[in-house]
Amino acid sequence: MGLWLEPNSNGRTYCSSLSCNFRNLPQVQLRSRIVDTPISNRRTEMTMERQQREEEKKPQTSENDKDEKVVQFLDSLNDYLTLMDSLSSALRQGWLELASARHSMGSWRINSAILDHKFHSASTTLQLSSPDDSNYNMKQPHFTLRKWESCDDEDFQSKEVKLDEDEVQKNSDDVQVQKERSKTLLVFGALVSPKLRDAQLSFETALETLVDIANRRSVMLSAYDHVREEILGTKQ
Amino acid sequence: MANRTPIPTNNSALIAMIADEDTVTGFLMAGVGNVDLRRKTNYLIVDSKTTVKAIEDAFKEFTTREDIAVVLISQYVANMIRFLVDGYNKPVPAILEIPSKDHPYDPAQDSVLSRVKHLFSTESVASGRR
């Protein structure tokens, strides 16, 4: 409730009071509140009022930015810890299945001595990229898991297929992945326990979780650096 | 500042491991094992006979190789070379501390969480998760 300055078509400003205190004023007193001002002065006053309102909003906007960064940091921290719990579960399952396989196949068939020390490339690798986030000055690494990719270049080229052949390509990819999985287990012998295959899948799941953890880690560290900069900036 | 250095992109980066036999065997079954022409591997199996020097050398080698994007290290092994792990602050390769069979994951000992704990009290990061 208060006085409002409103322009009319004649460029004159007048006060229209919303307060009940002014209702009982006689007409003479109300007329005395009508002020004749030139249009340019009135526009200058309005511009100044608008600037004052914008300056009052600026601290609120920077506070919102700070809060957003802190929330992002806390979210990434929570995700990191949650993913660590998932990783622990996947690893526990993998260790248990590996122990079961060792029990059924014999410890001499599953140990580090029989690991392949001949030249071979990793079938599961990571794609490391650096997405440029325009909001931040620092770049953070992004990891993408590439599972069971053959060294054969033809397999990569054949992935660009027509829509009609998607299902056929997907089936052939699955077959290729199964071949790669079986090839990896050949180190332990031609016939392996089903528990060993289950352990392989559990460790693959753990690997996917680890890549998520790596991405969350980089987001968390980036957000932490931003929050710390804000705090140091505030203190100065 | 380490984060301001440009991050090299790589389409087929490796995952290195410094862990116990079962953990390394499991991840090798997942296809991450790599042996180059000089018979250098991307993993180190840590047992009772492995020296701290060997672990340090492996950590330094894996963190300086350009073809490695992530280094997995069991947390109990990381505790043996804690000064090296905590002193590492490059974004790539990323050092991830993982649990082992006999040593579950402890957030209070994680080097990444230790770095960010200054924003919190030392108890709040670990206590609420148990």
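Because only heavy atoms are used, hydrogens play no part in the values below, and waters and symmetry mates are left out as well, while side chains stay in. Not measured: the values here are computed from a predicted model. Chain A is the first sequence line, chain B the second, and so forth, proteins listed ahead of strands; every chain is numbered from 1.
- Contact check for V70(B) versus L210(A): no side-chain heavy atoms found under the 4.5 Å cut-off.
- No part of D47(B) comes within reach of chain A, as not one of its non-hydrogen atoms sits under 4.5 angstrom from that chain.
- Residues of residues 93-101 of chain A that come within less than 4.5 angstrom of chain B, heavy atom to heavy atom, are W95(A), L98(A) in numerical order.
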From CA spacing to verdict: side chain to side chain contact (heavy atoms under 4.5 Å, CB included), D22(B), R102(A): CA-CA 11 Å; D22(B) 279 2; R102(A) 189 178 278 129; 2.8 Å; yes
Steps toward side chain to side chain contact (heavy atoms under 4.5 Å, CB included) verdict (N11(B), R146(A)): CA-CA 9 Å; N11(B) 283 334; R146(A) 298 174 70 173; 3.5 Å; yes
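- Within the 4.5 angstrom heavy-atom criterion, no atom of R38(B) approaches chain A.
- Looking at R181(A), its side chain never comes within 3.5 Å of a backbone N or O of G31(B) through a donor-acceptor pair.
- Contact of the L87(A) side chain with the P99(B) side chain is registered, since non-hydrogen atoms from C-beta on lie closer than 4.5 Å.
- Between atom OH of residue Y105(B) and atom CG of residue L91(A) there is a gap of 13.0 Å, rounded to the nearest 0.5 Å.
- The parts of L207(A) that come within reach of chain B are both its backbone and its side chain, each placing non-hydrogen atoms under 4.5 angstrom from that chain.
- Looking at Y224(A), its side chain never comes within 3.5 Å of a backbone N or O of K117(B) through a donor-acceptor pair.
- Taking each heavy atom of F188(A) and M29(B) in turn, the nearest pair found is CE1-CG, 3.8 Å.
- Distance check, rounded to the nearest 0.5 Å: CG of N34(B) to OG1 of T124(A) gives 11.5 Å.
- Options L14(B), I15(B), T25(B) differ in how many heavy-atom pairs under 4.5 Å they form with chain A, and the most are formed by I15(B).
- At a 4.5 Å heavy-atom cutoff, the contact between S88(A) and chain B is made by backbone and side-chain atoms alike.
- Taking all atoms of both residues into account, the shortest heavy-atom contact from T23(B) to F203(A) is O-CE2, 4.1 Å.
- Contacts between residues 190-202 of chain A and chain B, defined by a heavy-atom separation under 4.5 Å, are made by L196(A), A199(A), Q200(A).
- For Y88(B), there are no side-chain hydrogen bond (donor to acceptor under 3.5 Å, both in side chains) partners at least two apart in sequence or on another chain.
- Listed by first and then second residue, the salt bridge (Lys or Arg N to Asp or Glu O under 4.0 Å) pairs that reach into residues 210-221 of chain A are D79(A)-R216(A), sequence neighbours excluded.
- Looking at L37(B), the atoms closer than 4.5 Å to chain A (heavy atoms on both sides) sit in the backbone and in the side chain alike.
- At a threshold of 4.5 Å between non-hydrogen side-chain atoms, the residues L113(B) and L77(A) count as touching.
- For the atom pair CG of D67(B) and CG of L128(A), the computed distance is 11.5 Å after rounding to the nearest 0.5 Å.
- Side-chain contact, Y80(A) with D110(B): a donor N or O sits under 3.5 Å from an acceptor N or O.
- Only the side chain of L96(B) comes within contact range of chain A, with at least one heavy atom under 4.5 Å from a heavy atom of that chain.
- Interface check for chain A: of the options R39(B), R115(B), K40(B), the most heavy-atom pairs under 4.5 Å are formed by R115(B).
- Looking at S12(B), its side chain never comes within 3.5 Å of a backbone N or O of T125(A) through a donor-acceptor pair.
- Under a cut-off of 6.0 angstrom, the local environment of NE2 in H120(A) is crowded, with over 12 non-hydrogen atoms contributed by other residues, nucleotides or ligands.
- For the pair I98(B)/M84(A), no side-chain contact is recorded, criterion being any heavy-atom separation below 4.5 Å from C-beta on.
- The distance from atom CD1 of I213(A) to atom CD of E97(B), rounded to the nearest 0.5 Å, is 11.5 Å.
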